[in-house]
Each structure stands twice: as C-alpha cells, then as structure tokens.
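Read the structure below first, then the notes.
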Amino acid sequence: MPNVTLPDGSARSFADPVAVADVAVDIGPGLAKAALAGRVDGRLVDTSFVIADDAEVAIITARDAEGLEILRHSTAHLLAQAVQELFPGTQVTIGPVIEDGFYYDFARDEPFTPEDLAAIEKKMAEIAAADLAVHREVWDRDDAIRHFSDIGEKYKAEIIRDLPADEVISVYGQGDWKDLCRGPHVPSTRHLKVFKLTKVAGAYWRGDASNEMLQRIYGTAWPDKKSLKQYLRRLEEAERRDHRRIGKDLDLFSLQEDAGGGLVFWHPKGARIRRVIEDFWREQHVAAGYELLYTPHIALQTLWDTSGHTDFYRESMYRPMEEDNQLYQLKPMNCPFHILIYKQGLRSYRDLPLRWGELGTVYRHEMSGALHGLLRVRGFTQDDAHIFCSEEQIEAEILRILDLTLFMLESFGFNDFAVNLSTKPEKAVGSDEIWEKATDALRGALAAKGLDYELDAGGGAFYGPKIDVKIRDAIGREWQCSTVQLDFNLPERFDMEYVAADGERHRPIMIHRALLGSIERFFGILIEHYEGRFPAWLAPVQAVILNITDRQEAYVGEVKELLENQGLRVEADLRNEKIGFKIREHTLQRVPYLLVVGDREAESNTVAVRTRDGQDLGSMPVKEFAARLEAELASRGRTSMEE
RNA sequence: GCCGGCGUAGCACAAUUGGUAGUGCAACGGUUUUGUAAACCGUAGGUUGGGGGUUCGAGUCCCUCCGCCGGCACCA
C-alpha cells in the first residue's frame with residue numbers, strides 16, 4: 001500500500017503497487033499524456049517503473065531538464081533504429097546526450113552522405129509516428145553478451161563485457177529493435193516529435209585515437225517546434241559572429257595558404273586593435289608592479305633539454321634547425337627564457353617577488369586538424385608572465401593576479417566568469433606538503449576574492465596546481481583564456497635559488513600566468529563577443545567624416561586635423577558618392593561615429609553625428625563631439641554616445 | 001594526425017549527361033555634386049588550389065599533394 005508524496009508536498013495512497021504512469025494518470029490526464037519518466041526517491045526511472053513502497057515521486061515531462069535529456073536520449077535510440085532499418089549490417093555503439101542534443105556512433109564501411117541523413121530523418125519520423133511502446137527488460141549478463149555477439153554487434157558485446165559485475169544489464173526495445181541501455185527512456189516513440197539531424201563526423205571508438213574510427217551522426221531534439229527554432233536561430237547568430245567572417249569583412253586579419261596554416265597576418269585595422277590591446281596591457285602591468293621583458297624566439301636545443309620540453313613537449317615543437325654544428329629550437333614557451341634571466345645573478349629574498357611579463361611570441365606545431373581561425377593557431381603571442389616568490393608569498397601573489405585578471409577581462413567587456421581550481425594529479429612532482437600548502441594558498445586567494453569556483457580534483461598539471469578562469473561571451477558561450485599555474489618543476493630543473501633571511505639557499509616558487517591567453521585567440525573571441533562592433537576605445541576607426549559635396553572638402557580636412565591632433569582615429573571619406581552610399585558602407589564597417597558634413601555644418605563649424613546603430617545625435621560643434629568621444633574612450637566602453 | 005565534405009576573379013556565387021568559364025559587388029575610367037543604409041554608363045580582371053592521369057575534349061571523372069570547413073583525437 002504505497003503512499004506517494006508529490007513535489008508540492010501533497011500525498012496520494014494506492015492500494016497496490018503502482019506504476020509511475022498510473023500515478024500520473026491519477027494526478028490528471030494532461031500530465032499522464034506528457035509523462036516521459038519519473039523520479040522516485042531521487043532516482044530517474046521509466047514510467048513503467050512500479051512503486052511498491054512509500055516514496056517521493058515526481059513526474060518528469062519535457063519541461064524538466066531531466067525530461068529533455070531523456071527525450072534526447074530516446075531520440076538517439078530512434079536514430080539508431082532508423083539507421084539499422086535503412087542500412088542493415090551497420091553496428092551500433094553508444095548514443096549519449098550532449099549539450100543541445102545527442103549523437104550516435106555507428107560502425108559501417110560506407111560513409112553516410114547528407115542525402116542519407118535526410119532519409120534517416122524521414123525514417124525516424126515514421127517510427128515516431130508509429131507510436132511504438134518502449135519497454136525495458138533486464139537480461140542476464142552472459143545471455144546479453146551472447147545475444148549481441150550473435151547478431152554481430154561486437155561493440156555492444158564489448159560494452160557489456162566491460163560493465164562492472166554488479167551492474168544491472170537492461171535492454172530497451174521499441175518495435176522489434178533492441179539496444180543495451182541504462183535508460184530511462186520515454187514510454188513511447190510518439191513523444192519524439194521535434195528533432196533534426198545536424199551533421200556527420202568521424203569519431204574514434206571509445207575516444208581513443210588508436211582505435212578504429214566510427215561514424216558519428218549528430219542531432220538535436222526539443223520539446224516543441226518553438227524551442228528548436230530558437231536553437232537554430234542561436235546557431236545562425238553564432239555564425240553571424242564568426243570571427244573568420246568578420247575578420248575578412250572588416251579587413252582585420254588573414255591566414256594564408258602561401259604562408260602555411262595557423263600563421264596570422266594582422267592587417268592595418270586589426271593591427272590597430274592589437275596595438276590598443278597591447279598598450280593597455282603593458283600600462284596595466286607596469287601599474288601592477290610588473291617588469292616587462294623581451295626574449296629571443298629561438299635558443300639552443302640544450303636549453304629545452306634542461307627544461308624538459310624536448311622530452312615531453314616534442315610533438316608540439318617545430319623541428320630544430322642546425323647552425324655551426326649546434327641545434328637551435330624555435331620557442332614553444334617563454335618560461336625557460338625568464339628563468340635564464342633570473343639566473344643571471346644570485347637572488348635575495350629581498351628581491352622577491354619578481355614579476356616579469358612579456359608579450360612573448362611562441363610557435364607550436366599544432367596538428368593540422370586542430371587549427372581553427374584565430375582560436376587555434378601555430379604562431380601566437382602569449383600575454384605571459386612569471387612570478388618568482390617564496391612559499392609565504394604565494395597567496396598574496398595569486399590574489400594580485402586574480403585582481404589584475406578580472407580587471408583586464410572586465411575592461412574588454414567580459415563580466416561573467418567561471419573559475420576552476422585544479423589539484424594534484426596522480427603523477428606529479430613535488431612533495432605532498434608543498435602541494436597542500438600551495439593548493440591552500442590558491443583556495444585562500446579565491447576565498448579572499450569571493451570567487452565561486454569548481455574543484456577539478458586531480459586536474460592539475462604534473463608540476464603544480466592551477467586556477468583557470470573562463471569568460472562567458474555576449475551569447476553565452478564559454479572560453480578559457482586566463483590561467484594561473486604554480487610550478488614546482490622548472491625551479492628544480494634549472495636549480496633556481498635565492499638566499500633567504502636565514503642565510504640559506506632556498507628554491508623559489510614559480511607562478512606562470514596568462515590573462516588573455518594569447519593575443520590571437522583573445523582577439524578572435526573579442527571579435528565574436530562584440531560582433532565586430534568594437535567599443536570606440538578599441539575600434540580601428542573611431543569616426544569617419546563624410547562630405548556631401550566637393551564644396552566641403554577643405555572643411556573636412558580641418559575637422560580631421562583637429563580630431564587627429566587629439567589622438568583620435570578618424571578618416572575622411574571624400575569620394576564622389578552619395579551620402580547614403582557612404583553611410584551604408586561605414587555602417588557595415590561598424591565605425592562607431594559617422595560625421596556628416598554639408599554646407600550647413602561647414603558654415604557653423606559643426607558635424608552631424610550618426611551612430612552605427614543609425615541613431616541621429618544631431619549637429620554639434622566639432623569640439624563638443626571630440627570631448628564626448630574622449631569621455632567615452634576614457635570609460636573604455638562603459639559609457640557611450642550610442643543607444 | 002584520423003573520418004567526411006569543400007576549393008571557380010579581391011569577395012559572394014553560377015556553369016545541362018564531360019562540350020566556348022559567367023553574374024553581382026569591389027577595382028579602374030567617365031557622367032553625376034548629391035543631406036543620412038547601395039546613382040548611371042563603360043573597362044579590365046581566370047593556367048577553375050598545385051602536380052599528374054583518363055578522354056577527340058576536363059571546372060566537371062581518377063590519382064596525389066596543399067589548404068579550408070565540420071567533427072574526433074590533441075590543447076603545458
């Protein structure tokens with residue numbers, strides 16, 4: 001006689017053990033129809049699950065986050081069923097839920113074509129419409145292995161063989177199709193109405209590059225058509241913001257076949273933005289107590305032997321070049337160079353902490369398939385710095401770094417962060433004590449800064465714990481740029497020392513940190529974040545002066561000179577074109593302010609100001625415009641004449 | 001690196017079963033002197049990513065290399 005307590009606190013009694021589906025019926029016919037699964041005492045179950053004892057029960061529908069996941073998971077099964085019906089002999093493997101959808105990996109010799117996808121989608125719709133009941137069976141492990149082996153599903157058999165011994169082997173069936181699955185699943189295929197297959201791709205079996213490659217079909221599924229539409233709109237929005245597209249349209253940068261993959265060419269307008277970023281970066285670092293360094297781009301390979309890079313980083317390094325019977329190595333990192341500077345002399349505890357920064361250009365031979373616009377390149381400039389300090393200074397230094405990090409990121413319009421703290425992995429250098437001490441220091445700094453963070457236990461590098469900061473951009477995507485890493489390894493390898501107050505020699509702690517990550521990558525993210533509509537302080541051209549007829553040519557020159565003399569980035573467009581044409585062009589180029597000049601303005605020493613949003617700010621004296629723009633620049637985008 | 005797709009003028013794209021490589025924008029020249037998102041006329045622009053092959057004939061089919069795109073793997 002189970003008593004069922006619902007989420008709203010109300011209770012219902014049943015005379016006999018009752019299925020989740022029947023609880024839903026008992027509550028109401030609408031809910032019964034929408035029920036996808038149940039949560040019984042915190043555990044997700046099928047609607048066919050029978051409740052025998054008193055329990056807390058919730059009916060899960062597509063409106064619940066769990067319900068949506070179940071919906072997607074069941075749609076993955078629907079996909080697998082459709083594929084096997086259309087392409088007999090195709091083996092199934094796994095089909096999990098991912099963000100916004102699902103995928104299913106298949107083993108088949110022939111590749112799936114886009115036409116195949118359309119056919120599969122159609123088949124899926126047919127099966128869904130057939131309203132097949134989805135039922136769960138519990139099988140004996142050996143029977144299950146035998147069954148899947150017999151029908152030629154060697155991947156499924158392998159999965160079952162590797163399941164923990166106490167795991168219940170459940171098999172879900174719909175129509176005459178069956179798949180091993182933990183579940184839960186929707187009660188019938190009729191719930192699977194709104195889905196779309198999005199792409200085919202290769203993927204390694206069990207995510208291991210030494211295994212065979214399977215074919216992965218990606219799809220998305222939603223509770224209703226409106227959500228699907230919103231999702232597709234979101235994808236379009238992301239595409240509109242693609243930095244590769246905008247970089248070309250605004251003539252900011254290029255990657256060229258003639259030069260090789262992953263090597264970035266900064267065009268004049270992109271270079272202007274980079275200069276603003278770098279100038280700001282240097283200024284802020286000097287203010288934060290950093291010294292700035294310059295170091296070479298190549299060094300003897302023996303240096304990289306000392307650092308250990310030729311050993312564990314060889315894959316990513318460009319091949320060495322030989323000169324005078326010695327091997328030189330293009331640098332993949334800046335750290336050893338900063339250490340060499342440190343070692344030019346005996347350091348005292350009075351020197352610490354040393355904060356040394358460099359916009360250091362490094363080259364890494366990333367695998368060809370990894371390259372992606374500005375986000376993954378082979379030559380890039382890290383906004384790198386290394387801090388050498390004593391153990392006691394770690395926490396204070398981390399706190400300073402976090403302050404500077406957040407300030408920098410906020411200056412570029414990012415206000416939403418996700419922080420990760422990664423601790424000691426299995427394989428690590430350094431004593432447990434130092435790891436513990438250092439990790440405590442990181443934790444302390446995070447607490448002092450009042451930052452919430454997620455703990456990635458065992459996720460640290462082998463040489464020390466780290467803090468990563470992810471930023472969320474204008475459309476909610478997360479990017480990891482900033483990283484702060486402690487290093488117990490390199491000081492050891494380079495035998496770094498300082499003389500402490502006690503007269504003894506001690507090993508300094510090394511902190512690696514990058515705030516923007518790499519200038520290239522950060523620029524790419526920045527382009528997408530602002531959709532190319534950079535705030536005026538970053539905009540390559542802050543204002544364009546447009547004449548209406550040739551009569552204003554001289555006046556345009558005066559205005560331009562006046563604004564330029566104030567350090568503003570302005571251009572004149574004196575072309576023999578209609579004003580509408582010029583406005584269109586510079587608006588598309590995302591120039592923040594268009595200064596229109598006709599006879600009226602020339603006579604009154606004014607400019608008619610139009611924003612890139614199409615807003616008319618009216619005519620104003622040139623000096624007033626200059627003053628307002630100056631104020632806007634000083635605020636670094638926090639205030640604007642726009643809007 | 002792996003799986004699949006793609007590569008045509010500066011850019012966006014077109015070209016029947018293999019049969020004369022086009023259109024728009026941009027560029028250049030001219031006309032027009034214009035008031036807030038595209039004036040008009042004309043000119044020029046290509047070894048169809050590179051190399052090889054099949055064919056009477058290849059942008060189109062095959063091989064190979066390079067690059068790009070979507071994933072996977074990688075991302076100290």
Side-chain angles (χ1 to χ4, degrees), chain A residues 98 103 105 108-114 116-117 198-218 239 242 244-245 248-249 251 254-262 307-309 311-313 315-317 332-335 362 364-373 375-378 382 384 460-464 466 480 483 485 487 489-490 512 514 517-518 521 546-553 574-589 594-601 608-619:
Chain A
I98 52 173
Y103 66 77
D105 286 348
R108 175 173 180 247
D109 293 335
E110 294 281 298
F112 291 112
T113 65
D116 291 340
L117 279 202
T198 50
K199 56 199 167 200
V200 215
Y204 297 107
W205 166 236
R206 298 202 149 166
D208 184 337
S210 59
N211 285 342
E212 60 271 38
M213 185 154 270
L214 307 170
Q215 292 189 66
R216 175 170 298 179
I217 297 180
Y218 283 93
E239 207 176 314
D242 193 314
R244 294 167 297 187
R245 165 98 256 133
K248 193 175 277 182
D249 289 347
D251 197 15
S254 61
L255 295 149
Q256 300 188 33
E257 192 167 346
D258 288 341
S307 68
H309 286 94
D311 193 17
F312 58 74
Y313 204 65
E315 297 290 289
S316 298
M317 295 199 287
M333 294 189 186
N334 304 302
C335 342
V362 298
R364 299 181 184 175
H365 195 266
E366 300 287 351
M367 288 208 264
S368 59
L371 302 178
H372 181 95
L375 302 184
R376 195 79 182 274
V377 293
R378 286 180 172 156
Q382 295 181 303
D384 211 354
F462 74 87
Y463 50 75
K466 64 173 179 176
Q480 201 222 293
T483 178
Q485 311 195 350
D487 189 340
N489 180 47
L490 287 178
H512 307 255
S518 89
R521 199 170 127 83
L546 316 172
N547 61 333
I548 288 173
T549 75
D550 291 346
R551 283 195 301 279
Q552 298 94 37
E553 196 172 327
L574 296 169
R575 289 177 303 170
N576 176 9
E577 295 287 353
K578 292 177 78 168
I579 193 67
F581 176 87
K582 295 188 193 179
I583 284 175
R584 177 182 154 81
E585 213 162 76
H586 298 293
T587 301
L588 289 174
Q589 285 293 308
L594 307 185
L595 312 181
V596 177
V597 162
D599 286 335
R600 287 200 296 274
E601 285 75 19
V609 183
R610 180 188 161 112
T611 72
R612 58 189 157 192
D613 292 331
Q615 200 188 346
D616 184 0
L617 300 183
S619 287

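The sequence lines fix the lettering, A, B, ..., with proteins before strands; numbering per chain opens at 1.
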Checklist entry - Looking at residues at least two apart in the chain, or sitting in another chain, which of them share a ring pair (Phe, Tyr, Trp, His ring centres under 6.0 Å) with A/His586? => result none
Next on the checklist: Please classify the nucleic acid contact of A/Phe581 as base, sugar-phosphate, or nothing, using heavy-atom distances under 4.0 Å.
Outcome noted: sugar-phosphate
Checklist entry - Residues two or more places apart in sequence or in another chain: which of them pass salt bridge (charged side-chain N to carboxylate O under 4.0 Å, His left out) with A/Glu110? => result none
Next on the checklist: Taking side-chain contact (heavy atoms from CB on, under 4.5 Å) as the definition, give me every residue that meets it alongside A/Val377, ordered by chain and number, with sequence neighbours left out.
Outcome noted: A/Val264, A/Phe380, A/Glu520
Next on the checklist: Within the 4.0 Å heavy-atom criterion, would you say A/Glu110 contacts the bases, only the backbone, or no part of the nucleic acid?
Outcome noted: nothing
Item to check | Residues that A/Asn211 engages under side-chain contact (heavy atoms from CB on, under 4.5 Å), provided they are two or more places apart | outcome: A/Trp205, A/Arg206, A/Asp208
Checklist outcome for this item: The side chain to side chain donor-acceptor pair (under 3.5 Å) partners of A/Thr549 (sequence neighbours excluded) come to A/Gln552
Checklist outcome for this item: Scanning both residues in full, the closest heavy-atom pair of A/Arg364 with A/Gln382 reads NH2-NE2, 3.3 Å
Item to check | Residues that A/His309 engages under side-chain contact (heavy atoms from CB on, under 4.5 Å), provided they are two or more places apart | outcome: A/Trp304, A/Ser307, A/Phe312, A/Tyr313, A/Met317, A/Met333, A/Pro336
Checklist outcome for this item: Sorted by chain and number, sequence neighbours left out, side chain to side chain donor-acceptor pair (under 3.5 Å) with A/Arg610 holds for none
Item to check | Given B/G35, B/C74, B/G71, the nucleotide with the shortest approach to the side chain of A/Val596 | outcome: B/G35
Checklist entry - How far, in whole Å, is B/C66 from B/G50 if one measures between their P atoms? => result 15 Å
Checklist entry - Using a cut-off of 4.0 Å on non-hydrogen atoms, how would the nucleic acid contact of A/Arg216 be classed: base, sugar-phosphate, or nothing? => result sugar-phosphate
Protein-nucleic acid N or O pairs under 3.5 Å, nucleotides 3-5 of chain B:
from: B/C3; atom 1: O2; to: A/Gly202; atom 2: N; distance (Å): 3.2

Checklist entry - For A/Lys199, which contact category applies under a 4.0 Å heavy-atom criterion: base, sugar-phosphate, or nothing? => result sugar-phosphate
Item to check | Contact letters for nucleotides 63-69 of chain B, in which S counts primed atoms plus P, OP1 and OP2 and B counts the base, heavy atoms under 4.0 Å | outcome: ---BSSS
Next on the checklist: Heavy atoms only, 4.0 Å cut-off, all strands: where does A/Tyr103 land among base, sugar-phosphate and nothing?
Outcome noted: nothing
Item to check | Sugar-phosphate, base or nothing in reach of A/Gly580, heavy atoms under 4.0 Å | outcome: sugar-phosphate
Checklist entry - If you look at every strand shown and take non-hydrogen atoms under 4.0 Å, does A/Ile579 touch a base, only sugar-phosphate, or nothing? => result sugar-phosphate
Checklist entry - How would you label the contact of A/Asp599 with the nucleic acid (heavy atoms, under 4.0 Å): base, sugar-phosphate, or nothing? => result base
Item to check | For A/Ala201, side-chain contact (heavy atoms from CB on, under 4.5 Å) partners two or more places apart | outcome: A/Tyr218
Next on the checklist: Please give the distance between the C1' atoms of B/G10 and B/G49 as a whole number of Å.
Outcome noted: 16 Å
Next on the checklist: Using only modelled atom types and a 3.5 angstrom limit, is any donor from either the side chain of A/Tyr204 or the base of B/G1 paired with an acceptor on the other?
Outcome noted: yes
Checklist entry - Considering only heavy atoms and no angle criterion, is a donor-acceptor pair shorter than 3.5 Å present between the side chain of A/Arg245 and the base of B/A12? => result no
Next on the checklist: Starting the side chain at C-beta, find the nucleotide from B/A37, B/G1, B/G71 nearest to A/Met367.
Outcome noted: B/G1
Next on the checklist: Checking A/Asp487 now: which residues fulfil salt bridge (charged side-chain N to carboxylate O under 4.0 Å, His left out) with it, not counting sequence neighbours?
Outcome noted: none
Checklist entry - Looking at B/G1, does its base get a donor-acceptor pair with the side chain of A/Glu315 below 3.5 Å? => result no
Item to check | Under 3.5 Å donor-acceptor, A/Gln215 side chain and A/Arg108 backbone | outcome: yes
Item to check | Watson-Crick and G-U pairing of RNA chain B written in dot-bracket, each distance under 3.5 angstrom, with | for inter-strand partners | outcome: (((((((..((((.....[..)))).(((((.......))))).....(((((..]....))))))))))))....
Checklist entry - Just checking A/Arg376: base, sugar-phosphate only, or nothing, at a heavy-atom cut-off of under 4.0 Å? => result base
